[in-house]
Student: 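One structure coming up, written as C-alpha cells, with questions to follow.
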Amino acid sequence: MCGIIGFIGRTDAAPILIEGLKRLEYRGYDSSGIATISSAGKIEIRKEIGKIVELEKIIKHNPINGKIGIAHTRWATHGGATVTNAHPHIGQTGKITIVHNGIIENYATLKKHLEKEGREFTTETDSEVIVHLIERYYFDTDNQDDGSPLTRLEKAVSDTVKMLEGTFGIAVLCDEVPDTIIGARKGSPLVIGIGKDSMFIASDINAFVTYTKQVIYLDDNEIVTINRDTYQTKNFERAPVSKDIEEISWDVDEIGRAGYDHFMLKEICEQPDSVRNAFIGRLLYEQATAKLGGLKLSNKDILNIDRILITACGTALHAGMVGKYIIEQLAGIPVEVDFASEFRYRNPIIRPNTLVLAISQSGETADTLAALREAKQKGATVMGICNVVGSTIARECDGGVYVHAGPEIGVASTKAFTSQVTVMILLAIYFGRVRGLSRDIANKLMKEIEKLPGAIHAILDSKEKIKKVAVKYAGTKHAFFMGRNDQYPVALEGALKLKEISYIDANGYPAAEMKHGPIALIDEEHLTVALAPDSPLLEKMIANIQEIRARNGKIVTVTDTKNQMIEKLSDDVIKIPKVHPALKPILMALPMQLFAYYVAVAMECDVDQPRNLAKSVTVE
Ligand code: AGP
C-alpha cells in the first residue's frame, strides 16, 4: 500500500519529508514524490520511480524549498510505476496538489464526467480524479462567496470526499492557503503528529515518530485541517469532531511492522482488508457477474475457451489448484494446473482456444515467467494474476487481474494466497455467467464473498487459541496435512507454510491417499493436521482421522462443525466460522498460516527471512 507524510513547521520541509518516506519504505513501493509550497508561494513538485535515493538525486539536482509539504511512496494499483503516475498529483491550475493512499472504486465514472467538463487528465491513476474534483469545487463560481480561501478549500475537500467510493487517505495542499494541509480519511489510515512548532500527517506513525509520539488517529469519514501549531478535526459534513491525543508506547523499531512482531503476522492480520481489496469494485449485482476488465476477453472469447492451463510456483500454485475446483464447477471449463518449472519443459499441448493463467505474487518468478513465454510461443492467450503492478509477468501477459493485496514483505506468502483464491472465484463467476451459470447462484455467492472480511476477522480474534494449540507442537519432527477436494490444495499450503518457516518436515496429501503409503510413517511422534470442514466428504474425512488415531498419531483437526467424533478423535480442534462452501478454502488458510507462524515463533525461527529462501525467486 502507499505511504503518505505531510509536514508544516519552521524548518525546510523537504529533508523531513524525505526522511519520513524512508521510514515508510518497509511498506513496499515503486515510485515516490514530494510537493512543497515554496518561499515564492508556488507549488513545487519532484517525483521519481525506484527507490527514495533516486528522488533525493532529483532534489539535489533541482532543489525544492518551503516549510510546508506533502510526500508519497506509491504502490501502483491503477497504472504502472512511472514518474507521471507517481504522486503528488497536481490539478490543471497548478494551485492544488494531493497525495492518496487507497483505491477509488468509482474513478472511471468520475473521470468520464470530469473529462466531459473539459478537464484534462495526465496520469493512468485512479487518484488523479481527487485533485480535479477538489479544484472544480474550489474554483466553482457558487463556492466563491463562501468566505476565506481556507473555508472554500475545506468545503471543496468535503464535497469531493462525499463523491468518492472505495478507500482513501489523502493530504491536500493549495497555494492560496499556504499555511495549511488538509487531510481526509475513509478506509486508509491517517494519523496526525503534534510536534514542537510543527505538525505532521501520515499514513502511519513510523513516518514521524522520531519527532513526536503525541498522535491523533483520524477515523473514517473525518477531515483534518492542520497548521504549524493547531489542528481541527471535522466530519465529512464539516461538523467539528473532538479527538483524543494519544501517546505512542511502541519503540521505533517495532513501528516498521506497525507494532506486530513480524511482517508475516502483520500480513496475516491484514487479510480482512486485502481480501476486500481483491473483490471491492468487482461485484456487479445488476448483471450478477464479476468485473475483471483487465482480462480483455470478449464473451465470444470466453465461450470459445476449451481448456484452461494454470501455471505457477509454491503458494501461487496452490491458489491455482483451488481455482481448478471452482472454475470447473461454475464455468464448466476443464482446468489443468502445473508447476511452472515442469510446464515449460514438458512440451505442453496448447491449442488456439487454450487459456493459460500465470499466477504470481511478485510477478518476477523466473519459472513462471519462462512458462508463460513458452505458452505464448505456442500461441496460447496468457493472463496474469499478479500482486505487483507493472511486474514483468503482468507486463508480458495479454491481460490479467491484479489481486491488490498490497506489498507482501514476509517470505512466507499469506495474504497473497487468499487474494489469489478470491480472484480465482471472481473469475469462475465471470466465466460461468457467460457460459450458463444462473444469476441466482452467482448473486448468492457474491453476497457471501462480501462477508469474507468479517469471517476472517473472527478467526483473527481467536488467534490466541490457535497459538495455544500450535505451541504444543513446536519441535515436532514430522507432520502431515490432509484434506479432500478443494481442501487438498489448502493442505499443501499448510504444509508449505510450516515447512518453510519452522523447517519441520511437513507434507500435504489428499486424505484418501494416506492409505497408499504415507500412513506407514504414522506413530505417536507424528502430527497430522486434518482439514475437515462441513461438506459431503466430512464422514470420509472422519474415517481418515480414525485411521491416524488407530496408529496413535497426533491429530489437530480444523473444522467449522460441532462434530462429536472429531472432538473425540482429535488431540486438538481449531474451530472456524461457516461460510459458503466455495469460500471455505480461503477461510481454512488462516488457521494454517497462524499455526505455522506460532510454531515457528515458539521454535525461535527467523519467521520473516527463513533460511535458504528468497521472497521472489528470480532465478531458475
Ligand atoms: C510461499 O510462501 C513461498 N514464498 C514461495 O513458494 C512462493 O509462493 C513462490 O516462490 C512463488 O512466488 P510468486 O507468487 O511471487 O511467483
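Whatever order the structure lists ligands and atoms in, that order sets their numbers, starting from 1.
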Student: Report, as yes or no, whether the 6.0 Å neighbourhood of atom NZ on K291 holds more than 12 heavy atoms from other residues, nucleotides or ligands.
Tutor: no
Student: To the nearest 0.5 Å, what is the distance between CG (N85) and CD (E124)?
Tutor: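 CD of E124 is found 4.5 Å from CG of N85.
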Student: Could you tell me whether K472 atom NZ has more than 12 heavy atoms of other residues or ligands within 6.0 Å of it?
Tutor: yes
Student: List ligand 1 atoms under 4.0 Å from Q361, heavy atoms only on the residue side.
Tutor: 13 (P), 14 (O), 15 (O), 16 (O)
Student: Just to be sure I read this right, does ligand 1 sit under 4.0 Å from the backbone of K497, its side chain, both, or neither, counting only heavy atoms?
Tutor: side chain
Student: How close does the nearest protein non-hydrogen atom get to atom 15 (O) of ligand 1, and which residue and atom is it?
Tutor: S362 OG, 2.6 Å
Student: Got the closest protein heavy atom to atom 13 (P) of ligand 1, with its distance?
Tutor: T365 OG1, 3.3 Å
Student: Taking the six-membered ring for Trp and the single ring otherwise, decide whether the centroids of H318 and F417 are under 6.0 Å apart.
Tutor: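 Here the rings of F417 and H318 have centres that are no less than 6.0 Å from each other.
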Student: What pairs meet the salt bridge (Lys or Arg N to Asp or Glu O under 4.0 Å) rule with one or both residues in residues 313-337, with sequence neighbours excluded?
Tutor: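 Pairs touching residues 313-337 that pass the test: R307-E336, K324-E328, E336-R346.
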Student: So which heavy atom in the protein is nearest atom 2 (O) of ligand 1, and how far is it from that ligand atom?
Tutor: E500 OE2, 2.4 Å
Student: Give the residue, atom name and distance (to 0.1 Å) of the protein heavy atom nearest atom 6 (O) of ligand 1.
Tutor: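 In this structure, atom 6 (O) of ligand 1 has G314 CA, 3.3 Å as its nearest protein heavy atom.
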Student: Relative to each other, are the rings of F480 and Y509 parallel, tilted or perpendicular (30° and 60° limits)?
Tutor: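 Ring orientation of F480 relative to Y509: perpendicular.
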Student: Using a strict threshold of under 4.0 Å (side-chain N to carboxylate O), is an ion pair present between K451 and E448?
Tutor: yes
Student: Considering heavy atoms of the protein only, find what lies nearest to atom 9 (C) of ligand 1 and give residue, atom and distance to 0.1 Å.
Tutor: C313 O, 3.9 Å
Student: Considering only non-hydrogen protein atoms, determine which one is nearest to atom 4 (N) of ligand 1 and report residue, atom name and distance to 0.1 Å.
Tutor: V411 O, 2.8 Å
Student: What atoms of ligand 1 come closer than 4.0 angstrom to any heavy atom of S413?
Tutor: 1 (C), 2 (O)
Student: Would you mind running through ligand 1 and noting each atom that sits below 4.0 Å from a heavy atom of A412?
Tutor: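 Contacts of ligand 1 toward A412, numbered from 1: 2 (O).
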Student: Considering T414, L369, T368, T315 one by one, which has a heavy atom nearer to atom 5 (C) of ligand 1 than any of the others?
Tutor: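 Answer by nearest heavy atom: T315.
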Student: Taking only residues two or more places apart in sequence or in another chain, which ones pass side-chain hydrogen bond (donor to acceptor under 3.5 Å, both in side chains) with S570?
Tutor: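 S570 satisfies side-chain hydrogen bond (donor to acceptor under 3.5 Å, both in side chains) with T557 once adjacent residues are dropped.
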Student: Identify the closest protein heavy atom to atom 10 (O) of ligand 1: which residue and atom is it, and at what distance?
Tutor: V617 CG2, 4.0 Å
